[in-house]
Amino acid sequence: MLDERDLEIVAALQEDARATYADVAQRVGLSPSSVHDRVRKLEQAGVIRGYRAIVDPDALGLLITALVAATPLDPQQPDDLPERLAEFPQVEDCYSVAGEANYILKVRTRTTAELEELIRRLREKGGVATRTTIALSIPFEDRPIKT
């Protein structure tokens, strides 16, 4: 169970994962060594799963973001679509969902032609029917989890 200080530390690190223990300590009212201990425990418990740079997809030329709903063509086939999609770096996120589709995939490509080719390969490799929605803009994403 996380206490209020742990939640404050998690919020501070979501805001700036490069903050020093001293910076976080000042924000949450603890000593840097206490923050260090708590962060280590949060990491060991799996609350903090990692740290990473958030990169602008446009800067990398990934101008197309799409959500692809995937439904197996054969309902009897094994439910191993995530494993079959592991080789597709364009698939950023894979959500198992309730509803019409079995999975929703967030994908990024450079062009619509590349998206079309990706969808063709997803259908072929995944044995799925797809329904694709292209994002026109993304007002926000990767928001910090409210603690």
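Just so it is clear, the model here is predicted, and its values are computed rather than measured.
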R108 and E141: CA distance, side-chain angles, deciding distance, salt bridge (Lys or Arg N to Asp or Glu O under 4.0 Å) verdict
CA-CA 14 Å; R108 292 193 200 267; E141 68 181 341; 2.6 Å; yes
Using 0.5 Å steps for rounding, measure from the [atom1] atom of [X] to the [atom2] atom of [Y].
X: T133; Y: R131; atom1: OG1; atom2: CZ; result: 6.5 Å
X: T112; Y: L115; atom1: OG1; atom2: CG; result: 7.5 Å
X: Q14; Y: I145; atom1: CD; atom2: CD1; result: 5.5 Å

For the [atom1] atom on [X], are there more than 12 heavy atoms of other groups (residues, nucleotides or ligands in this structure) within a distance under 6.0 Å?
X: I138; atom1: CD1; result: yes
X: E116; atom1: CD; result: no
X: E114; atom1: CD; result: yes
X: E100; atom1: CD; result: no

Side-chain heavy atoms under 4.5 angstrom apart, residues restricted to Ile, Leu, Val, Met, Phe, Trp, Tyr: same cluster for [X] and [Y]?
X: L62; Y: L105; value: no
X: I134; Y: L63; value: no
X: L67; Y: I119; value: no
X: I9; Y: Y21; value: yes
X: I104; Y: I64; value: no

Residue of the set E4, E8, R38 for which side chain to side chain contact (heavy atoms under 4.5 Å, CB included) holds with V28
E8
Given the rule in the side-chain contact (heavy atoms from CB on, under 4.5 Å) test, do L13 and V39 qualify, once you have shown the distances and angles that lead to the verdict?
CA-CA 9 Å; L13 291 175; V39 168; 3.9 Å; yes
Compare every heavy atom of [Y] with every heavy atom of [X], then report the nearest pair and how far apart it is.
X: Y51; Y: A17; answer: CD2-CB, 3.7 Å
X: C94; Y: P82; answer: SG-CG, 4.1 Å
X: V128; Y: L122; answer: CG2-O, 3.7 Å
X: G126; Y: L81; answer: CA-CD1, 3.7 Å
X: L118; Y: F88; answer: CD1-CD2, 3.6 Å
X: R49; Y: G46; answer: CG-O, 3.3 Å

Please tell me if the side chains of Q90 and K106 come closer than 4.5 Å, counting only heavy atoms from C-beta onward.
no
Minimum side-chain heavy-atom gap L42-L2 below 4.5 Å:
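With C-beta onward as the side chain, the pair touches.
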R120/E117 ion pair, N-O < 4.0 Å
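A salt bridge is present here (some side-chain N lies under 4.0 Å from a carboxylate O).
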Is it true that E124 and R84 make a salt bridge, defined as a side-chain N closer than 4.0 Å to a carboxylate O?
no
Polar side-chain atom of S137 near backbone of P139 as donor-acceptor pair, under 3.5 Å
no
Exam field: side chain D3 to backbone D6, donor-acceptor pair closer than 3.5 Å
yes
Report the C-alpha separation of E15 and R27 in whole Å, then their side-chain angles, then the decisive distance to 0.1 Å, and conclude whether the side-chain contact (heavy atoms from CB on, under 4.5 Å) test is met.
CA-CA 12 Å; E15 191 174 299; R27 178 173 166 172; 3.2 Å; yes
Are Y95 and N102 close enough, and set up right, to give a side-chain hydrogen bond (donor to acceptor under 3.5 Å, both in side chains), and what steps lead you there?
CA-CA 8 Å; Y95 302 98; N102 292 54; over 6 Å; no
Go through the side-chain N and O atoms of D37 and S34 and say whether any donor and acceptor fall under 3.5 Å apart.
no
